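Quick caveat, the model's predicted, so the values are computed rather than measured. All chains are named by letter (A, B, ...) in the order of the sequence lines, taking the proteins before the strands, and each is independently numbered beginning at 1.
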Number of protein chains: 2
Amino acid sequence: MTKIKETSTIQANKQSAFNECPVTYVMEKIGGYWKPIILFHLLSGSKRYSDLRKAIPAITEKMLIQHLKQLEADGLVMRVARPVIPPHVTYHLTKAGLALKPVLYAMAVWAVSDSKENSKVFARNLKSFPGFK
Amino acid sequence: MTKIKETSTIQANKQSAFNECPVTYVMEKIGGYWKPIILFHLLSGSKRYSDLRKAIPAITEKMLIQHLKQLEADGLVMRVARPVIPPHVTYHLTKAGLALKPVLYAMAVWAVSDSKENSKVFARNLKSFPGFK
DNA sequence: CATGATACACACTTCAGGGTAAGTACTTGT
DNA sequence: ACAAGTACTTACCCTGAAGTGTGTATCATG
């Protein structure tokens with residue numbers, strides 16, 4: 001994890017939001033481009049490191065590991081390493097990780113209904129992502 | 001809204017995550033330090049611009065406006081301006097914005113139970129926020 | 001003997017979100 | 001005449017999350 005500067009308003013704001021806002025608390029844990037995707041793949045069952053890599057081709061190894069370590073430190077996933085050569089490491093969701101299922105589900109439901117109701121807005125958003133026309 | 005570079009892997013990843021992952025879709029809309037807090041305040045009723053400023057003292061005017069504009073563009077809030085002097089502008093949640101209530105609630109429930117079950121992890125996290133001992 | 005597979009580690013760079021600070025327009029009150 | 005309130009706008013800077021690329025240990029297999 002990257003070092004954090006002590007004197008920084010942005011960190012102070014993060015702190016207060018973290019303390020006061022449970023939504024921010026959740027987003028600190030499942031936020032970022034990759035964490036939700038990793039969690040999604042683990043929700044369908046435990047996976048090896050290399051299986052995750054194959055399941056998410058676009059992710060770099062650095063990002064994958066970094067987020068797995070963070071998820072582990074946050075108590076959402078468990079790392080199980082078998083002491084064999086070549087290494088054999090699997091990642092599992094913990095109880096807390098599994099408890100995220102309804103949360104992620106609620107988000108997904110909203111996303112689907114929102115992208116239907118506001119298809120125009122959706123289209124505008126898509127345009128703002130380069131490579132789309 | 002800030003300009004976005006066309007040639008950027010990070011944007012490309014955002015795009016694919018946005019397309020494939022409904023959770024990312026939601027977080028694009030309610031993510032950031034301030035959006036959940038603004039939404040929270042609007043959930044308890046429509047508010048004037050100046051009321052929001054008073055309710056969230058730490059936020060700067062730039063951030064407040066910027067996020068309100070984004071929320072408006074995303075169809076989550078509605079801006080109602082009365083053509084009087086001095087100006088009188090109120091912000092309301094739209095149908096889609098109100099529909100976020102169960103989502104935010106699910107997140108809050110998880111946050112509370114998680115911070116209870118894993119008080120040690122919580123403590124570690126707090127330490128990582130400067131200003132805490 | 002060297003190539004491949006596995007699960008990482010580390011140094012370096014980029015960029016978009018967030019912060020700071022100052023200014024605008026228009027009118028009412030003193 | 002000038003300060004105060006309201007709802008913004010704009011220019012500039014800084015930081016930290018994310019991406020790029022290369023290196024490591026260990027053993028089996030051809």
With the side chain counted from C-beta on, respond yes when [X] and [Y] share a heavy-atom pair under 4.5 Å apart, and no when they do not.
X	Y	result
B:Leu76	B:Leu100	yes
B:Leu64	B:Tyr49	yes
B:Leu39	A:Val23	no

Measure from [atom1] on [X] to [atom2] on [N] and round the result to the nearest Å.
X	N	atom1	atom2	answer
A:Lys29	D:dA17	NZ	C1'	18 Å
A:Glu28	D:dA17	CD	P	8 Å
A:Lys47	C:dA7	NZ	C1'	18 Å
A:Leu68	D:dA18	CG	P	14 Å
B:Leu64	C:dG19	CG	P	12 Å
B:Arg53	D:dC8	CZ	P	11 Å
B:Ile65	C:dT24	CD1	C1'	13 Å
A:Ile59	D:dA18	CD1	P	10 Å

Distance below 4.0 Å between [X] side-chain N/O and [N] OP1 or OP2:
X	N	value
B:His67	C:dG17	no
B:Ser50	D:dG5	no
B:Tyr91	D:dC8	yes
A:Arg48	C:dA7	yes

Candidates C:dG18, D:dG19, C:dC8 - which lies nearest the side chain of B:Trp34: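 For the B:Trp34 side chain, the nearest candidate turns out to be C:dG18.
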Return yes if a side-chain donor-acceptor contact under 3.5 Å exists between B:Lys35 and B:Gln70, otherwise no.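 Their side chains do contain a donor-acceptor pair, which is all the 3.5 Å distance test asks for.
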Whether the side chain of B:Trp110 engages the backbone of A:Ala96 through a donor-acceptor N/O pair (distance < 3.5 Å, no angle test) should be reported.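 At least one qualifying donor-acceptor pair exists.
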Looking at every strand, decide which applies to A:Arg82 at a 4.0 Å heavy-atom threshold: base, sugar-phosphate, or nothing.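 No contact at all - A:Arg82 keeps every heavy atom at 4.0 Å or more from the nucleic acid.
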Would B:Cys21 and A:Phe40 count as a side-chain contact (heavy atoms from CB on, under 4.5 Å) here? Give the steps. CA-CA 9 Å; B:Cys21 180; A:Phe40 171 77; over 6 Å; no
Joint hydrophobic cluster, A:Val103 plus A:Leu98, side-chain heavy atoms closer than 4.5 Å: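 Result: yes, single cluster for both.
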I'd like to compare against my own output: the B/S/- annotation of nucleotides 20-30 of chain D with a strict under-4.0 Å heavy-atom distance to protein. B-----BS---
